[in-house]
Amino acid sequence: MVTRSARKDREPAEQLPVARVCVDVPLAHLDRPFDYLVESADDQVARPGVRVKVRFAGQLVGGFLLERVESSPHTGKLAYLEKIVSPEQVLDPEVARLARAVADRYAGNLCDVLRLAVPPRHARVETQAPKALPNAADQEPATGEDETELDTGPEIESETRPEAGREIEREAGPETGPEAEREAGPETGPEAEREAGPEIEAGTEIELETGPETEREIGAESGSGRKGAVEVAPGEGWGAYTAGAAFLRGLSEGRALRAVWGALPGEDWARRIAEAAAATVRAGRGVVIVVADARDLDRMDRALGEALGSGQHVALNAALGPAERYRRFLQASRHQVPVVVGTRAAMWAPASKLGLVVIWDDGDDLHAEPRSPYPHAREVLLTRAQLSDCAALVAGFARTGEAQLLLETGWAKEISAPRDTLRLRSPAIAPTGDDPQLARDPGAATARLPSLAWQAARQALQHDTPVLVQVPRRGYLPNTACAECRTPARCPHCSGSLGLAGARDVPTCHWCGRAAAAYSCPNCGSRRLRASVTGARRTAEELGRAFPGATIRTSGRDEVLDHVPGEAAVVVATPGAEPTAEGGYGAVLLLDTWALLTRADLRAAEETMRRWLNAAALARSDGRVVVVADGGLATVQALLRWDPGWFAARELAERRELGFPPAVRMASVTGKAEAVAELLSAAKLPDGAELLGPVPADDEQERMLVRVNRGRAAEMAHALHEASGVRSARKAALPVRIEVDPAALF
DNA sequence: TCAATCCGTATC
DNA sequence: ATACGGATTGAC
């Protein structure tokens with residue numbers, strides 16, 4: 001114990017003797033930096049971003065050194081930093097700013113967010129891993145032969161109209177978004193949030209033309225042979241999309257373009273994203289890509305290897321052990337690679353001169369972090385793009401309400417394919433019509449497979465192509481819908497969904513608890529309701545029996561297949577576990593759709609659409625997709641036309657009407673009744689905040705929802721955080737869980 | 001009048 | 001958790 005035994009002899013550093021530290025204490029009232037003195041011996045290592053140990057209220061706690069300053073406003077005596085854990089600057093200043101903004105948005109603590117953002121240290125790895133080259137980050141990225149060949153085919157005059165690049169900058173550049181101010185002080189509380197991240201005033205919605213108009217806005221093909229310019233062949237790759245080539249060009253010029261990309265069916269999306277990454281790297285900037293699961297990550301990882309060559313990217317996988325995880329994190333942190341790809345946690349990856357953030361399939365619920373303060377990868381990445389003034393790409397086959405909002409407010413621009421391209425690339429998609437439960441085919445071995453589906457599958461098998469059968473998993477919440485027209489039953493008062501506790505019960509709102517005795521369907525006027533839980537258990541094997549002699553494969557929770565060969569086989573998969581097929585599926589069958597469409601979830605329709613599109617996208621362009629549902633339903637219509645944009649606009653409009661996110665901001669407060677009441681009474685909620693509930697939750701707890709318009713979102717989060725600060729300062733024993741943008745609303 | 005003790009609150 | 005300050009108590 002030689003180190004600090006000579007306590008009396010400690011002298012503060014000459015320059016910037018004060019260190020501002022975020023202590024690892026998850027109490028809301030302590031969510032601010034604390035100042036410590038830096039001992040002169042530590043002067044060189046006590047740099048921003050290092051892990052430290054400090055004495056805090058008598059205890060030794062961990063923390064991050066946020067910054068070095070000349071003096072402290074603290075009137076009392078400052079303690080010294082007890083220890084610099086390591087000189088490794090694991091908390092990048094850009095990430096620190098982001099973390100603060102995210103903590104504010106989600107009414108959470110900075111230290112909680114930092115626990116998500118910075119992986120646990122692994123001392124051995126730190127010393128073993130190669131040290132950073134002084135300028136590894138700034139090296140000129142490789143160009144030429146080992147880059148993806150974007151310029152395929154002969155020189156053809158681009159089809160995108162040659163409008164000035166200036167136009168793009170004005171329209172899509174960050175300076176004209178609803179948040180014109182780029183300097184969003186991350187610690188300035190409520191005001192900051194409206195600027196950081198795509199917080200958009202409800203009143204500022206701008207109608208934008210889609211389709212050809214967008215082309216003029218982002219679409220700009222200069223045609224110049226400028227150095228670093230990206231050439232994209234028309235009709236291929238990004239060239240198949242209106243504004244696609246221009247987006248890529250913008251990235252290669254280092255511009256902060258923001259786009260929502262709807263991928264064509266059959267698209268090699270990972271390759272497209274890898275090309276976008278390569279273009280950004282060419283501009284000398286870094287890239288962060290987030291995908292939902294390990295399968296998508298593998299695919300993205302391979303695509304990046306092909307597009308960038310070796311040593312240009314690192315994959316951060318949740319499944320990695322602590323050592324490997326930290327090793328790869330350090331590669332990013334030390335700026336040894338310009339591109340980072342990974343699942344959720346990769347959204348925090350440090351990058352040198354961040355140029356682009358990408359999220360693939362942002363509707364996947366795996367993008368929602370389950371640990372406090374429950375941030376969503378899309379929101380984190382968009383906030384990051386906003387704060388760091390870099391490009392953003394929100395991508396998927398489907399489009400979420402949130403992505404639609406980005407387009408409607410003008411924060412981002414649309415990248416999608418023109419209708420004729422879509423027609424060429426789409427499989428034939430057809431509904432079986434009417435109630436799936438009743439659609440039975442005498443020729444099929446199981447009575448549950450409608451004939452159209454069965455025929456499409458048979459045909460595909462005869463052509464020696466695989467068939468994908470998507471079957472949702474069971475276990476959705478009991479809920480009600482109109483017995484006549486199947487419109488989900490909603491509470492007339494607050495638009496929560498109506499549930500039936502028992503068969504003879506009066507339908508009761510899942511949100512506000514009000515009974516809706518006089519309920520009648522707003523669509524058809526019927527007063528009869530039916531429970532919409534699915535009773536039928538249908539295993540994959542059972543379904544496979546419809547095709548005697550065919551090879552049956554399953555892919556689901558227990559065992560997920562990555563890829564199947566391009567030969568006759570029936571592949572039964574649950575949503576999200578669909579393997580890709582060599583050359584694409586000859587037929588894709590979407591079954592048990594009733595269960596999906598009537599789920600007691602605000603996002604039921606959106607989620608259904610997403611699952612269908614993700615499965616249908618795996619079909620060959622000359623293949624067939626059969627959805628076992630009524631073709632009159634809007635969700636089905638959107639699928640048939642492959643129009644996720646239309647669907648998302650419709651969804652968003654409906655949510656505006658009902659007062660649902662993302663048209664409004666909601667937060668849930670869950671805990672014992674008295675604790676919830678205590679917190680809410682302490683919260684100085686903004687004007688116009690609505691309280692919904694209480695509704696019972698698990699474990700004798702209850703849940704309240706707070707609803708405000710988007711312009712008040714930051715104030716609401718601030719108020720809730722402050723209120724939990726009052727409680728934590730009082731050592732309130734009963735825990736309360738605050739969730740902004742709760743994953744499930746009821 | 002002063003020390004011992006209790007309680008609430010801040011934690012640098 | 002622990003440390004500290006202010007209030008309270010009780011003995012001289």
Side-chain angles (χ1 to χ4, degrees), chain A residues 1 3-87 89-91 93 96-97 99-100 103-104 107-115 118 185-189 372-373 674-675 678-679 681-684 718-736:
Chain A
M1 289 298 281
T3 38
R4 297 291 146 84
S5 57
R7 284 180 159 268
K8 302 276 147 50
D9 301 345
R10 291 198 278 193
E11 292 244 333
E14 278 184 29
Q15 302 284 316
L16 305 171
V18 175
R20 318 210 76 200
V21 174
C22 172
V23 292
D24 188 19
V25 178
L27 296 170
H29 67 292
L30 301 180
D31 185 25
R32 60 195 160 87
F34 289 88
D35 293 345
Y36 288 83
L37 283 172
V38 178
E39 197 182 343
S40 57
D42 287 336
D43 188 37
Q44 286 309 301
V45 282
R47 303 221 294 246
V50 298
R51 284 181 193 279
V52 295
K53 293 264 186 220
V54 294
R55 194 147 306 269
F56 188 72
Q59 299 193 110
L60 207 56
V61 300
F64 290 98
L65 198 162
L66 300 173
E67 56 176 334
R68 290 277 297 268
V69 291
E70 202 48 63
S71 65
S72 169
H74 182 62
T75 48
K77 207 163 51 179
L78 295 188
Y80 278 94
L81 294 173
E82 205 66 25
K83 189 180 172 194
I84 310 295
V85 175
S86 145
Q89 293 169 271
V90 287
L91 177 58
R97 241 158 47 103
R100 182 68 263 174
D104 291 342
N109 297 317
L110 179 60
C111 76
D112 282 339
V113 177
L114 293 181
R115 257 200 290 259
V118 184
E187 64 281 87
T188 44
S372 175
E674 58 219 272
E678 185 188 52
L679 184 132
S681 66
K684 299 190 199 83
H718 183 70
L720 290 173
H721 188 234
E722 212 166 48
S724 66
V726 170
R727 275 172 45 82
S728 65
R730 270 199 234 126
K731 297 191 200 299
L734 295 167
V736 169

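Both backbone and side-chain heavy atoms feed into the values below; hydrogens, waters and symmetry mates do not.
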Do A:Leu720 and A:Leu679 come within less than 4.5 Å of each other through their side chains, counting heavy atoms only?
yes
Protein-nucleotide distance (A:Tyr36, atom OH; B:dC12, atom C1'), rounded to Å
5 Å
Atom NE2 of A:His74 to atom C1' of B:dC12: distance rounded to whole Å?
4 Å
With a 4.5 Å cut-off on side-chain heavy atoms, are A:Asp31 and A:Arg100 touching?
yes
In whole Å, what is the span from the CG atom of A:Asp24 to the P atom of C:dA1?
16 Å
Tell me, do A:Phe34 and A:Arg20 make a side-chain contact under 4.5 Å, heavy atoms counted?
no
For atom CD of A:Gln59 and atom P of C:dA1, their distance in whole Å
7 Å
With a 4.5 Å limit on heavy-atom distance, are the side chains of A:Phe64 and A:Val90 in contact?
yes
Would you check if A:Pro12 and A:Tyr80 make a side-chain contact, meaning some heavy-atom pair closer than 4.5 Å?
yes
Interatomic distance, A:Leu37 CG vs B:dC12 C1' [rounded to whole Å]
9 Å
List, with names and distances, any nitrogen or oxygen atoms from the protein found under 3.5 Å away from nitrogen or oxygen atoms belonging to nucleotides 6-10 of chain B.
from   : atom 1 : to       : atom 2 : distance (Å)
B:dA10 : N6     : A:Lys731 : NZ     : 3.3

Could you state the atom-to-atom distance from CG of A:Leu27 to C1' of C:dA1 in whole Å?
11 Å
What's the CZ-P distance between A:Arg55 and B:dC12, to the nearest Å?
11 Å
Does A:Arg47 CZ have over 12 foreign heavy atoms under 6.0 Å away?
no
Rounded off to whole Å, could you give me the CD-to-C1' distance for the A:Glu39 and B:dC12 pair?
17 Å
